[in-house]
J.: 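Mind looking over this structure? Questions follow.
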Amino acid sequence: MRRIDARSLRGLAHPLRMNILEAIEVDGPATSTTLAARLGENTGTISWHLRLLAEHGYLEEDVERGNKRERWWRIPKGATVLDPAEFRDDPETSGALRVYLSHLVERYFGRVRRYLDENWPGEWQSAASLSDWRNLHLTPSQLQNLNEELGAIIDRYIDLAPDGENAERIIVQLQSFPQRPEHP
């Protein structure tokens, strides 16, 4: 497990770098040329951002695929963890944290919006879920336990082989956070 520190957070907190990471996470290893075409950027800009992401440990060169003319990049094995509380009181990193988290929220919303805009067959619409539980009252410790338990359940499905030919990539998004009443 890799923890994001202040330096690597500042290296990540850029919309294009976050888009590059997501493209590789979703579609697998890529070159600067394939990423430039997908993201509508020039290859030189993408290459620079790829090297910066690698410098901070978010990417690594996929040497099995590459050659002298073409460098492939992939996500390193292992989880990356961010604890926002570590950066809350640091004025230098709190701005980077806001950029990073805001971009994540927009990305999550975009994924749900794309799902809603697509015309999935009934079996997928019945299987999918857009759920919202608002009646929990927990302590920070209980919320952390809930998130860890849900993560453990999801982890069991990550390496599960598809059972049938109609398997699709599934996105599970989890947002759990405290909320004060809107009207006191």
J.: Are I170 and V112 linked, directly or through other ILVMFWY residues, by side chains that come within less than 4.5 angstrom of each other?
T.: yes
J.: Nearest heavy-atom pair of Y115 and A128: which atoms, and what distance?
T.: OH-CB, 3.3 Å
J.: Do I46 and L16 have side-chain heavy atoms sitting under 4.5 Å apart?
T.: yes
J.: Would W120 end up clustered with L130 when hydrophobic side chains under 4.5 Å apart are linked, directly or stepwise?
T.: yes
J.: So do L50 and I24 actually touch side chain to side chain, heavy atoms under 4.5 Å?
T.: yes
J.: Can D27 and R38 be said to form a side chain to side chain contact (heavy atoms under 4.5 Å, CB included), step by step?
T.: CA-CA 11 Å; D27 294 328; R38 178 173 177 191; 2.2 Å; yes
J.: Consider side-chain contact (heavy atoms from CB on, under 4.5 Å). Of R17, H14, M18, which one does H103 pass it with?
T.: M18
J.: For residues A36 and N42, report the shortest heavy-atom separation together with the two atoms involved.
T.: CB-C, 3.9 Å
J.: Check whether any side-chain heavy atom of E61 sits under 4.5 Å from a side-chain heavy atom of W73, and report yes or no.
T.: yes
J.: Go through the structure and list residues passing salt bridge (Lys or Arg N to Asp or Glu O under 4.0 Å) with E64, not counting sequence neighbours.
T.: R74
J.: Tabulate below the donor-acceptor pairs under 3.5 Å that side-chain atoms of residues 150-159 make, not counting sequence neighbours, or state none.
T.:
none

J.: Taking side chain as C-beta onward, heavy atoms only, is R107 less than 4.5 Å from Q173?
T.: no
J.: Is it the case that one hydrophobic cluster holds both I75 and W72, taking links as side-chain heavy atoms less than 4.5 Å apart, direct or via other members?
T.: no
J.: Are V99 and L82 connected into the same hydrophobic cluster when the rule is that any two of I, L, V, M, F, W, Y join if their side-chain heavy atoms are below 4.5 Å apart?
T.: no
J.: Would you say that Y58 contacts I4 through its side chain, given a criterion of any heavy-atom pair below 4.5 Å between the two side chains?
T.: yes
J.: One pair to check against side chain to side chain contact (heavy atoms under 4.5 Å, CB included): E123 and N166. What are the steps and the verdict?
T.: CA-CA 11 Å; E123 67 180 334; N166 66 340; 3.6 Å; yes
J.: To the nearest 0.5 Å, what is the distance between CD (E60) and CG (D62)?
T.: 7.5 Å
J.: Evaluate the side-chain proximity of D83 to R3: yes if any heavy-atom separation is below 4.5 Å, no if none is.
T.: yes
J.: Does L146 share a hydrophobic cluster with W133, counting links as ILVMFWY side-chain heavy atoms below 4.5 Å and allowing steps through other members?
T.: yes
J.: If you round to the nearest 0.5 Å, how far is CG of L174 from OG of S131?
T.: 11.0 Å
J.: L138 versus N145: any side-chain heavy-atom pair under 4.5 Å?
T.: no
J.: Kindly write out the residues that satisfy side-chain contact (heavy atoms from CB on, under 4.5 Å) with N119, not counting sequence neighbours, or none if the list is empty.
T.: Q125
J.: Quick one: CG on N147 to CZ on F177, what's the gap to the nearest 0.5 Å?
T.: 11.5 Å
J.: What closest approach, in Å, do A13 and A96 show between heavy atoms, and which atom pair accounts for it?
T.: CB-O, 3.3 Å
J.: Mark yes when over 12 heavy atoms from residues, nucleotides or ligands other than D163 sit less than 6.0 Å from its CG; otherwise mark no.
T.: no
J.: Using a 3.5 Å distance criterion without hydrogens, assess whether the side chain of S8 forms a donor-acceptor pair with backbone atoms of D5.
T.: yes
J.: Do the non-hydrogen side-chain atoms of L143 and L136 ever get within less than 4.5 Å of each other?
T.: no
J.: Measuring from atom CZ of R65 to atom OG1 of T31, what distance do you get when rounded to the nearest 0.5 angstrom?
T.: 10.5 Å
J.: Begin with the C-alpha distance, continue with both residues' side-chain angles, and end with the deciding distance and a verdict on side chain to side chain contact (heavy atoms under 4.5 Å, CB included) for E86 and T93.
T.: CA-CA 9 Å; E86 293 178 17; T93 34; over 6 Å; no
J.: Rounded to the nearest 0.5 Å, how far does CG of L12 lie from OH of Y100?
T.: 5.5 Å
